[in-house]
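Everything on this sheet refers to the single structure shown next.
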Amino acid sequence: MTSLDSAPHQAQPTTAALGEPVRRVSAGWIASFATVWLGIWMAQLTPVQLLLPAQIDAQLKPDNWVDSVVAFGIISGIAAIATIIAYPLTGALSDRTTSRFGRRRPWIAIGAVVFGLSLVTLGQQTEIWAIGATWVAASVGFCIMTAALTATISDQVPVNQRGFVSGWMSAPQAVGIIVGLVLVTELVTDASLGYILLAVILVVLAVPFLFRADQPLAPTERVRVTAKGILSGFWISPRKHPDFGWTLLSRVLVSVGNALGTSLLLYFLMFQLKDENAEDDLIVLTLIYMVFVILASLILGKLSDKLGRRKLFVFIASGLQGVAALMLGLFPDLTVAMVGAGLLGLGYGCFLSVDQALATQVLPDAASRGKDLGIMNIASAVPQAIAPMIGAAAVVVSGSFMLVFLLGAAFSFAGAFAVARVRSVR
């Protein structure tokens with residue numbers, strides 16, 4: 001039986017599906033790409049930021065607010081385990097899909113359906129275990145969609161356009177958060193309707209990209225799917241591929257740092273600052289964050305393409321996030337939080353676009369782009385899931401949110417030094 005890593009090296013790829021793209025993608029392609037990501041980020045981050053913690057708190061009605069934070073952290077941690085499995089597995093399956101509709105489009109469609117149905121079901125749950133189970137299912141749907149979508153960058157976008165295109169993957173994240181928060185707080189009065197609205201938006205916004213061409217994989221280029229091959233492919237040796245390893249480590253560290261600075265923000269406003277308008281101020285902070293994420297991801301992503309530099313941008317972006325987290329930890333104040341939100345958005349927006357472009361340039365094998373980027377995506381998705389657990393533990397230990405933000409700063413600074421070790425990409 002052939003492993004995921006060994007088979008592609010036996011022959012040079014000859015099909016367009018496996019070749020290195022050289023033709024620039026059109027404005028229409030980028031627009032549809034950005035649109036589907038807008039729907040994904042709305043459906044993923046609005047529950048994380050507001051609907052899910054509020055739903056958990058409403059069901060628990062705890063005497064001690066820390067219990068609600070811990071429950072949210074545990075559910076997020078379980079979802080992280082599912083993510084670790086789903087990302088590379090579904091990425092590997094899309095690598096081997098020989099459908100006439102292409103390798104990635106079928107999985108984008110499947111992921112949208114799984115994600116959307118799970119959100120609708122999540123809004124109906126009243127037991128903590130059921131809330132956790134349906135959120136795990138939603139997270140799997142998220143993984144299926146995004147594993148296929150990120151692989152399309154390596155499949156179809158030339159290297160000198162990847163920073164800009166990746167910016168259109170990250171910029172909608174900021175827009176998605178604020179639009180999602182506004183929609184579920186202003187347009188609907190019931191959390192279950194909020195979940196339904198997000199599910200509908202997700203599916204509708206995915207449709208335009210599904211009509212974009214996706215080069216089919218020739219049956220002769222398809223590697224046989226085996227359990228042994230898939231399991232062996234989960235491991236990419238950092239000794240053989242050090243730049244992939246350092247990029248992966250950097251993304252894990254920076255993503256944990258960012259998630260620690262954002263995932264418990266509602267609780268920080270409610271319980272640390274005693275903010276009576278916590279939900280409204282959360283939207284204000286998110287709006288500030290959004291503006292800087294958009295500017296940084298698009299402008300700095302394109303500048304990175306023009307200069308042919310990736311590492312320097314990622315290093316500075318990681319450092320900015322560390323500074324923002326330090327400010328929140330040492331000076332817990334709403335005004336400081338607004339300044340911190342701007343710095344965090346500036347750093348994370350740059351990081352999202354340029355680091356994604358960097359990741360596509362350190363992949364070990366063209367034939368396993370979906371699987372390898374699935375592994376890389378774990379480094380972004382899992383921190384979003386485990387950070388609430390880490391943050392909850394820090395709150396339990398310290399009784400405040402200072403340690404949460406100090407840990408966020410430490411992770412971000414460590415991520416900056418990790419990316420500096422990459423050698424093959426400037």
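One-based numbering along the sequence shown.
At distances below 3.5 Å, at least one donor-acceptor pair connects side-chain atoms of S304 with backbone N or O atoms of R309. Judged by distance alone, with hydrogens and angles left aside, the side-chain atoms of R105 form a donor-acceptor pair with the main-chain N or O of F101 at under 3.5 Å. The main-chain N or O of M169 is found under 3.5 Å from a side-chain atom of W41 such that the two form a donor-acceptor pair. Judged by distance alone, with hydrogens and angles left aside, the side-chain atoms of S297 form no donor-acceptor pair with the main-chain N or O of C350 at under 3.5 Å. When atom types are taken as modelled, the side chain of T185 and the backbone of V182 share a donor-acceptor pair closer than 3.5 angstrom. Of the possible donor and acceptor atoms, none in the side chain of K302 sits under 3.5 Å from a partner among the backbone N and O of I299. With D214 contributing its side chain and R103 its backbone, the two residues share a donor-acceptor pair below 3.5 Å. Looking only at distances, a side-chain donor or acceptor of D305 sits under 3.5 Å from a matching main-chain atom of F164.
Under the 3.5 Å distance criterion, with hydrogens and angles disregarded, a donor-acceptor pair is assigned to the side chains of T146 and Y87. A donor-acceptor pair shorter than 3.5 Å cannot be found between the side chains of T152 and R104. T97 and W107 share a side-chain donor-acceptor pair at under 3.5 Å. There is a side-chain donor-acceptor pair under 3.5 Å between W29 and Q156. A donor-acceptor pair shorter than 3.5 Å can be found between the side chains of Y195 and Q55. There is no side-chain donor-acceptor pair under 3.5 Å between R23 and Q161. Looking at T360 and R162, their side chains do bring a donor and an acceptor atom within 3.5 Å of each other.
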All N/O donor-acceptor pairs, side-chain side in residues 266-274, below 3.5 Å, sequence neighbours left out:
| residue | atom | partner | partner atom | Å |
| --- | --- | --- | --- | --- |
| Y267 | OH | S68 | OG | 3.3 |
| Q272 | OE1 | F401 | N | 2.9 |
| K274 | NZ | F271 | O | 3.3 |

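Closest non-hydrogen pair, S412 versus Q321, comes out as OG-CB, 3.8 Å. Scanning both residues, A416 and S318, for their nearest heavy atoms gives CB-CB, 3.6 Å. What you find for T126 and Q59 is that their closest heavy atoms are O-OE1, 2.9 Å.
A heavy-atom distance below 4.5 Å is not found between the side chains of L326 and F405. Considering only heavy atoms from C-beta on, L52 comes within 4.5 Å of I131 through its side chain. Taking 4.5 Å as the limit, every side-chain heavy atom of P208 sits out of range of all side-chain heavy atoms of V36.
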